Amino acid sequence: MSSRALAEALREVADRAPRLDVAQAAVSLAERRRRRRLVVVPVATAVAVLCLVLASAVVLPTGSVQTPGAPPSAVVLPDRVARPVGWTPRVTESVSGPAAYVVPSATAGEPAVIGVDGSARLLPNPVASYGGGVAAALSPDGQHLAYAPDSSAAGSSGEHGSAEPLRIVDLRTGNVRSIDLTAQGFEPYAEGLTWSPQGDRLAMTVATVFSSSSSGGTEASSGGLDLVTLDVSTLSLRRTAAGLGTVAWSPSGDRLARITMEEEGSAFVEVLDSRTGRELDRVAVPDGADIDAGAWSPDGRELALTRRVGPVLATDVNPGSADSSPPPPWELVRVPLDGGATTSVPIGEHGNPWVAGWRGATPVLQVADGASRTLLQSVDLATGTRTTVVTLPTVGVAQVEVARDLLSSAPLAEVETQQAPWWSLRAARWWFENLTAAAVLGSAALLLFFGLVARGLVRRGRRALGERAERRI
Amino acid sequence: VRVDRYAGFLEFVHARAGSLSRTAYLLTGDVHLAEDLLQTALARTAARWPQVLAGGRPEAYVRRALVNEHISWWRRRKGAVEVPSEALPDAGVTDFAGTAVRRIALERALARLTPKQRAVIVLRYYEDLSEAETASLLSCSVGTVKSQTSHALGRLRVLAPDLADLLVDFDDVPVEARP
């Protein structure tokens, strides 16, 4: 039988195999595997549980969430805020409830919302900046935040139609609504965002897009700057008046005040109807520099604003030059809107103060103290003496945002800022990204350094060879 | 504790080491691979020794472990192994009448079968298992064993035509595989 022949041939092959004495080794291997299972399984389980705990610590809010409609008496104004760490959760991941402030976080361009309970949340995107501040505004009740995302951070080219839309975040739910300015005929950039006292409208300065005919046909180009108001419920924009400048809302929300400059250099407070844009009044203010629209008093009778008492010359801001002189000091100006005379009180020389709102019958200034802090200071209207009410962190001259209703009446309280835990997954990711970026930059710098050193050595060597060759000749 | 857990295992392996070594060698075609394969299969057996012993057929369990482990090795290394060629390389030997020459030719031909085909040949013609027993050991149907055997024998004929005297008159060799 052939199968027998094949079996015989297979046996001839198999007989070449030595007797393999692997019994003891097999038992040792089985024992090692058993011990490894005894260690690995509990450790893997523990790691998985730990990861779940860490993830839940990051995802779940660390602070108590203020429920919508909570009694105002329960809301306090934290009198001191620490700058939030870079791995702070975002508003869309865990809500913070009503906010008291918007302050810069430890990551440039990413402001953080500070809740009335001291909780901190980053905005969903980096925020655009302009002038001395960021394009963000907190509603008076601290329940909504409007901001313009930073187009460059989002990778947009910045051209018409490609920039990020304006956003409004509901801080009670984390819900985000977008307003595409380009769809309503405006350039996609907004500045000077200011909420109405009722929180139903938002004033801002935008650039109008218009068409201008050229030789070859029609092409789009930037138009003039306009003051517009956004109806927050319908998200529709209404052009209110031409020109730019931050506005101050009257307590009733029916009027807007802004500073305009005449061609002769005189400054005026222009009072506008907030719905029609019609000019209702025009009140002259003392001339000066850095005049801001300020804030309307709670009774609606006057406007408090700040100004430098004289013009800022180029030499004033160049202290090293021989003919330099300190810039003019500041004063607080009270502009009555019912026909009286303006009055003013000096408020010092430093800190770029501006009126953030009123607390009771006293204006509150927002002042940079030169130590990475922004102070909210109430002003004695008789003497100009300033008293610090709240201490906030800041970076450079970046402005902070304050919920004006809370500033007006909420009691101050010592509320500790709740920082995100350093051992969270978000913190690990933040450190990894930042250390990776630092490592890449450091490696590039080292490569450049050693490249230059090597080039120098090569050149020196060539020069030495050349000199030696010349000597031989 | 260790003595209790592996009681009787060492004695069993010592008693069957020769047979198991030969099977491992036939499956791998290499002494070192055979040693690794047998050690791995025995370690798996030792880990479940009380249950294996209770099953009453420890040797069958080890053979099944050998075959399965060998096939899974091949699957893991599938991307890296040399693809078997249709023709054997020139052995440089012209005298096929001798036993040694026939053995070498068979070894080379076996090396070019897939692990499953090789396992079928070893189990059916070396271990002399029936088709049903082979199917049970390989955890497949009898039909699969038949077809695998047929393909394996057909491939051996193609790979080693000089071994025709071993492979004639098998009913299960496909006609198209015959020279």
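None of these values were measured; they are calculated from a predicted model. Here is the naming used below: chain letters follow the sequence lines, and residue numbers restart at 1 for every chain.
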With a cut-off of 6.0 Å (strictly less than), are more than 12 heavy atoms of other residues, nucleotides or ligands near [atom1] of [X]?
| X | atom1 | result |
| --- | --- | --- |
| Arg177(A) | CZ | yes |
| Arg57(B) | CZ | no |
| Glu416(A) | CD | no |

Quiz item: Within the distance-only criterion (no hydrogens, no angle test), does the side chain of Ser21(B) pair as donor or acceptor with the backbone N or O of Leu20(A) below 3.5 angstrom?
Solution: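 Pair found, side chain donor or acceptor close to backbone of Leu20(A).
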Self-check item: Side chain Arg16(A), main chain Tyr25(B), donor-acceptor under 3.5 Å
Solution: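 Judged by distance alone, no pair lies under 3.5 Å.
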Exercise. Name the option with the most non-hydrogen atom pairs under 4.5 Å to chain A; the candidates are Leu42(B), Leu156(B), Leu106(B).
Key: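 Heavy-atom pairs under 4.5 Å are most numerous for Leu106(B).
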Which atoms of [X] approach chain A - backbone, side chain, both or neither, heavy atom under 4.5 Å:
| X | answer |
| --- | --- |
| Leu20(B) | neither |
| Leu26(B) | side chain |
| Tyr126(B) | both |

Self-check item: Portion of Asp15(A) that has a non-hydrogen atom of chain B nearer than 4.5 angstrom
Solution: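 Contact with chain B: backbone and side chain both.
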Quiz item: Relative to chain B, which segment of Arg33(A) carries a heavy atom at a distance below 4.5 Å: side chain, backbone, both, or neither?
Solution: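 Contact with chain B: side chain only.
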Of all the heavy-atom pairs spanning [X] and [Y], show the shortest one and how long it is.
| X | Y | result |
| --- | --- | --- |
| Ala43(B) | Ala30(A) | O-CB, 3.5 Å |
| Leu10(B) | Gln24(A) | CD1-OE1, 3.8 Å |
| Ala17(A) | Arg22(B) | CB-CA, 4.1 Å |

Practice problem: Check step by step if side-chain contact (heavy atoms from CB on, under 4.5 Å) holds for Val13(B) and Asp21(A). | Solution: CA-CA 9 Å; Val13(B) 176; Asp21(A) 190 13; 6.0 Å; no
Quiz item: How many angstroms lie between CG in Leu10(A) and OH in Tyr125(B), if you round to the nearest 0.5 Å?
Solution: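 Between Leu10(A) CG and Tyr125(B) OH, I get 10.0 Å after rounding to 0.5 Å.
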Self-check item: Trace of the side-chain contact (heavy atoms from CB on, under 4.5 Å) decision for Glu107(B) with Glu12(A)
Solution: CA-CA 10 Å; Glu107(B) 275 192 79; Glu12(A) 287 167 9; over 6 Å; no
Self-check item: side-chain contact (heavy atoms from CB on, under 4.5 Å) between Asp36(B) and Val22(A), worked out
Solution: CA-CA 9 Å; Asp36(B) 287 348; Val22(A) 293; over 6 Å; no
